[in-house]
Amino acid sequence: MDNKKLAELLFPNVDKTPEYYETLYPPRNLPEGARVTRLGPSPTGFIHLGNLFGAITDERMAHQSGGVFFLRIEDTDNKREVEGAVDVVIDTLSYFGVEFDEGAGKDGETGAYGPYWQRQRADIYHCFAKKLVEDGWAYPCFCTEEDLSDMRQRQEAEKANPGYYGKWAVHRNWSLEQIEAALAQGKPYVLRFRAPEPEGKYFKIKDAIRGELSMPVNDMDFVLLKSDGIPTYHFAHVVDDHLMRTTHVVRGEEWLGTLPFHIALFAAFGWKAPVYCHTAQLMKIDNGIKRKLSKRKDPELSLDYYKSEGYLPGAVWEYLMTVLNSNFEDWRLAHAAAPIDEFKFSPNKMSVSGSLFDIDKLNDVSKNYLATLDSETVYKYITDWAQNCDPEYYELLTRDRNFSVGMISIGRGDKKPRKDISHWKQSKEFYSFFFDELFKMEDPFPENVPEEDRKAILTKYVETYDHSDDQSQWFDKVRAIAEELGYAPQPKLYKKNPELYKGHVGDVSSVIRVAVTGRQNSPDLWCIQQVLGKERSLARVRSNI
RNA sequence: GGCCCGAUGGUCAAGCGGUUAAGACACCGCCCUUUCACGGCGGUAGCACGGGUUCGAUUCCCGUUCGGGUCACCA
């Protein structure tokens with residue numbers, strides 16, 4: 001077989017040589033140890049937590065080593081493409097704090113290793129495909145879909161492994177004449193890899209996350225170019241990551257099975273393969289079954305969900321880091337206020353088995369994170385969120401800025417800050433009683449206080465209320481009311497001699513609390529009233545007399 | 001089914017031949033306290049199973065079981 005001639009026949013239009021591209025995309029001039037990583041999403045318009053998980057890994061590896069992190073759009077499957085999806089990827093990741101140094105962008109692209117849209121790299125792929133044909137590593141296959149499904153059925157009957165390989169690879173040894181004839185008839189074909197006779201059954205490879213792996217040597221004649229001339233992921237990955245000088249390939253463990261393809265291809269080209277980092281999947285419990293996060297089934301795990309619920313990117317990042325690097329939580333405990341950049345991220349600290357996504361944990365991490373923010377910052381975030389996601393809330397929050405900031409300040413900034421809020425959507429619920437439009441009586445008055453006592457408490461409260469009282473003066477008056485009506489001024493007294501009292505000052509303040517906030521539980525009542533103002537506080541009390 | 005990867009409490013996880021088997025979330029109890037939240041203290045709960053190797057296995061090896069992934073002209 002004259003491979004040279006076949007290559008010419010198959011790729012008459014290729015006018016560049018591999019050497020041309022090698023010089024066009026020279027090795028990157030980066031400091032020793034710098035890592036070049038990339039994110040290669042297919043533009044389906046859906047991006048979920050798992051994608052962020054991988055993106056953060058890429059981003060950290062590149063930026064903590066002084067390297068480059070770029071975005072390449074893997075649009076080789078036009079069936080799945082969704083309009084505007086690239087912008088969504090960029091915007092969403094940017095919202096969550098992941099920025100690219102190079103590659104595809106919203107207005108074109110930046111960087112010297114492009115194009116960064118695979119569809120625009122057809123010439124490059126064809127050049128290298130031609131090279132493979134010349135060297136005897138690839139051949140055209142004219143099998144139709146029916147041919148292949150027939151083959152699968154026969155394989156099933158014979159209990160042979162499925163796939164196009166060995167004796168099943170019917171076009172593997174076609175003569176030039178046969179190929180020419182088929183081509184002349186205009187038969188569509190794919191270009192397949194000619195898998196070499198495996199020398200050993202297994203090979204070993206070191207994965208930066210998983211350590212040493214043992215994989216079977218590839219014997220599949222997998223597809224390099226589809227019949228429309230567009231490369232498969234496998235071929236594009238190898239050509240692109242070589243030419244773009246990627247040093248570390250971070251991808252999900254679902255790629256582990258096809259790793260032998262990639263290794264075989266790198267070997268065929270005589271190129272050095274990048275370091276692979278196969279991440280574990282984020283899982284979810286579904287009807288008691290642990291399974292990988294699915295694009296279709298788990299819309300609530302899309303990143304938009306967290307955006308619309310009002311989780312702060314920093315908090316999501318923080319949570320993901322706890323899952324990503326097993327030593328992160330210890331580090332965070334020791335460096336509570338340190339910026340997250342200072343944490344040394346290392347791929348070998350990554351978990352190898354899939355972790356269950358834990359919303360409770362996210363909420364906890366998020367509460368702690370939000371508690372460290374000052375009131376002005378919270379005000380800004382919360383209004384930004386509401387502006388996009390809850391116009392009514394936005395209106396209320398911005399109506400009186402000082403009021404809102406005052407409300408947010410309650411219990412904030414102390415050495416033991418309150419941790420009531422995990423995400424902004426939830427804050428609306430939490431703060432609702434501050435706004436007359438949202439205020440409602442959510443809890444009943446305490447059951448152990450009879451109605452007449454309740455009215456008496458509230459009446460006396462209104463009579464003695466002085467808005468300028470400080471916190472202790474104010475509470476002394478509440479105590480006095482309690483005592484006057486037969487309630488213990490201190491809970492301890494009541495506990496000692498419960499028969500002497502109707503209840504204790506806690507019950508009395510509960511009555512006031514319910515009247516003012518509509519709830520039995522709330523932050524400090526005096527602080528709330530200071531924010532609400534005298535008139536609104538007392539009006540709520542009066543309406544319960 | 002073949003192949004690959006994995007298995008420490010409900011969840012996330014330290015551990016890398018000898019430990020009372022860390023820690024975090026959740027849960028429960030107590031303390032603090034006018035409620036809640038915060039904070040403090042304590043508690044329930046775990047090395048999937050069976051064989052080896054070893055003086056000694058959570059740790060190493062082999063099976064089994066279970067879970068996940070993958071077997072496309074999708075990525």
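Letters A, B, ... mirror the listed sequences (proteins, then strands); counts begin at 1. Quick caveat: nothing in here was measured; it's all calculated off a predicted structure.
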Practice problem: Could you check which of B:A75, B:A37, B:U35 has an atom nearest any side-chain atom of A:Ser522? | Solution: B:U35
Exercise. Answer yes when A:Arg38 and A:Asp58 have at least one side-chain N-carboxylate O distance shorter than 4.0 Å, and no when they do not.
Key: no
Self-check item: Any-strand Watson-Crick or G-U partner of B:C25, both distances under 3.5 Å
Solution: B:G10
Quiz item: How many Å lie between CH2 on A:Trp474 and P on B:U35, as a whole number?
Solution: 12 Å
Quiz prompt | Minimum-distance nucleotide (side-chain atoms of A:Tyr202 versus B:A26, B:C4, B:U34) | solution = B:C4
Quiz item: In whole Å, what separates the C1' atom of B:A13 from that of B:C71?
Solution: 32 Å
Practice problem: Would you please classify the geometry between the A:Phe142 ring and the A:Trp174 ring as parallel, tilted or perpendicular, with 30° and 60° separating the classes? | Solution: parallel
Quiz item: From the list B:C4, B:U34, B:C71, which nucleotide is the closest neighbour of the side chain of A:Val505?
Solution: B:U34
Quiz item: A:Asp524 near the nucleic acid: base, sugar-phosphate alone, or nothing, with a heavy-atom cut-off under 4.0 Å?
Solution: base
Self-check item: From B:U34, B:A22, B:C25, nucleotide with atom closest to A:Arg513 side chain
Solution: B:U34
Quiz item: Could you state the CG-P distance from A:Asp219 to B:C4, rounded to the nearest angstrom?
Solution: 13 Å
Quiz item: Which listed nucleotide (B:C5, B:A22, B:A37) is nearest to the side chain of A:Arg210?
Solution: B:C5
Exercise. Write down the partner of B:U70 under the Watson-Crick or G-U wobble criteria, each distance required to be under 3.5 Å.
Key: B:G2
Quiz item: Which of parallel (below 30°), tilted (30 to 60°) and perpendicular (above 60°) describes A:Phe11 and A:His126?
Solution: tilted
Quiz item: Expressed as a whole number of Å, how far does the P atom of B:C49 sit from that of B:A7?
Solution: 14 Å
Exercise. For A:Gln520, answer base if it contacts any base atom (sugar-phosphate contacts may also be present), sugar-phosphate if it contacts only those atoms, and nothing otherwise; contact means non-hydrogen atoms under 4.0 Å.
Key: base
Quiz item: When all nucleic acid strands are considered with a 4.0 Å heavy-atom cut-off, which category describes A:Pro41: base, sugar-phosphate, or nothing?
Solution: nothing
Quiz prompt | Gap in Å between the two C1' atoms, one belonging to B:C47 and one to B:A22, rounded | solution = 14 Å
Quiz item: Does the ring of A:Phe475 lie flat against the base of B:U34, closer than 5.5 Å centre to centre with planes under 30°?
Solution: yes
Quiz item: Relative to the 5' end of RNA chain B, which residue comes earlier, A:Lys416 or A:Gly506, by the nucleotide with the nearest heavy atom?
Solution: A:Gly506
Quiz prompt | A:Thr232 vs A:Lys495, nearer the 5' end of RNA chain B by closest nucleotide | solution = A:Lys495
Quiz item: Is A:Thr322 near enough to B:A13 that one of its side-chain N or O atoms lies under 4.0 angstrom from OP1 or OP2?
Solution: no
Exercise. To the nearest Å, give me how far apart CZ (A:Arg38) and P (B:A75) are.
Key: 14 Å
Quiz item: Looking at the side chain of A:Glu329, which of B:A26, B:G39, B:G23 is the nearest nucleotide?
Solution: B:G23
Exercise. Compare side-chain N and O positions of A:Lys226 against OP1 and OP2 of B:C74 and report whether any pair is under 4.0 Å apart.
Key: yes
Exercise. Specify the separation, in whole Å, of atom CZ of A:Arg519 and atom P of B:A37.
Key: 13 Å
Quiz item: How are the rings of A:His278 and A:Tyr276 set to each other: parallel, tilted or perpendicular (split at 30° and 60°)?
Solution: parallel
Self-check item: Gap in Å between the two C1' atoms, one belonging to B:G50 and one to B:U65, rounded
Solution: 10 Å
Quiz prompt | Between OG1 on residue A:Thr232 and CZ on residue A:Arg192, distance to nearest 0.5 Å | solution = 10.0 Å
Quiz item: What distance, rounded to whole Å, do you find between the two C1' atoms, one in B:G1 and one in B:U59?
Solution: 33 Å
Quiz item: Which whole number of Å gives the distance between the C1' atom of B:U58 and that of B:C16?
Solution: 10 Å
Quiz item: If you check the A:Val352 side chain, which of B:G6, B:C36, B:U33 turns out closest?
Solution: B:G6
Exercise. Assess the side chains of A:Asp507 and A:Tyr494: does a donor N or O sit below 3.5 Å from an acceptor N or O?
Key: no
Quiz item: In the structure shown, which nucleotide is the Watson-Crick or G-U wobble counterpart of B:U33, with both distances under 3.5 Å?
Solution: none
Exercise. For B:U64 versus B:A57, give the span between their P atoms, rounded off to a whole number of Å.
Key: 23 Å
Self-check item: Polar contact flag, side-chain donor to acceptor under 3.5 angstrom, A:Thr57-A:Arg251
Solution: no
Self-check item: Nucleotide of B:C73, B:C3, B:G69 approaching A:Arg192 most closely (side-chain heavy atoms)
Solution: B:C73
Quiz item: Once you round it to whole Å, what is the distance between P of B:C38 and CG of A:Leu370?
Solution: 14 Å
Quiz item: Whole Å only: how far is the CG atom of A:Asn363 from the P atom of B:C38?
Solution: 13 Å
Quiz item: A:Asp360 CG to B:C12 C1': how many Å, rounded?
Solution: 12 Å
Self-check item: Assigned partner base of B:C60, Watson-Crick or wobble definition, under 3.5 Å
Solution: B:G52
Quiz item: CD of A:Gln120: more than 12 outside heavy atoms within 6.0 angstrom?
Solution: yes
Self-check item: Touch class at under 4.0 angstrom, heavy-atom based, for A:Val223 against every strand present
Solution: sugar-phosphate
Quiz item: Counting side-chain heavy atoms from C-beta on, which of B:U35, B:U33, B:A24 comes nearest to A:Lys361?
Solution: B:A24
Quiz item: Has A:Thr76 got a side-chain N or O lying under 4.0 Å from the OP1 or OP2 atom of B:A75?
Solution: yes
Quiz prompt | Atom C1', compared across B:G51 and B:G40: separation rounded to whole Å | solution = 48 Å
Quiz item: Of all the nucleotides listed (B:C38, B:U34, B:U11), which has the minimum atom distance to the side chain of A:Arg479?
Solution: B:U34
Quiz item: Whole Å only: how far is the NZ atom of A:Lys367 from the P atom of B:A37?
Solution: 9 Å
Quiz item: Using a cut-off of 4.0 Å on non-hydrogen atoms, how would the nucleic acid contact of A:Cys141 be classed: base, sugar-phosphate, or nothing?
Solution: nothing
Practice problem: Take A:Asp453 and A:Tyr487, measure what side-chain hydrogen bond (donor to acceptor under 3.5 Å, both in side chains) needs, and give me the verdict at the end. | Solution: CA-CA 10 Å; A:Asp453 281 6; A:Tyr487 291 79; 2.7 Å; yes
Exercise. Report the base-pairing partner of B:G17 (Watson-Crick or G-U wobble, both distances below 3.5 angstrom), or none.
Key: none
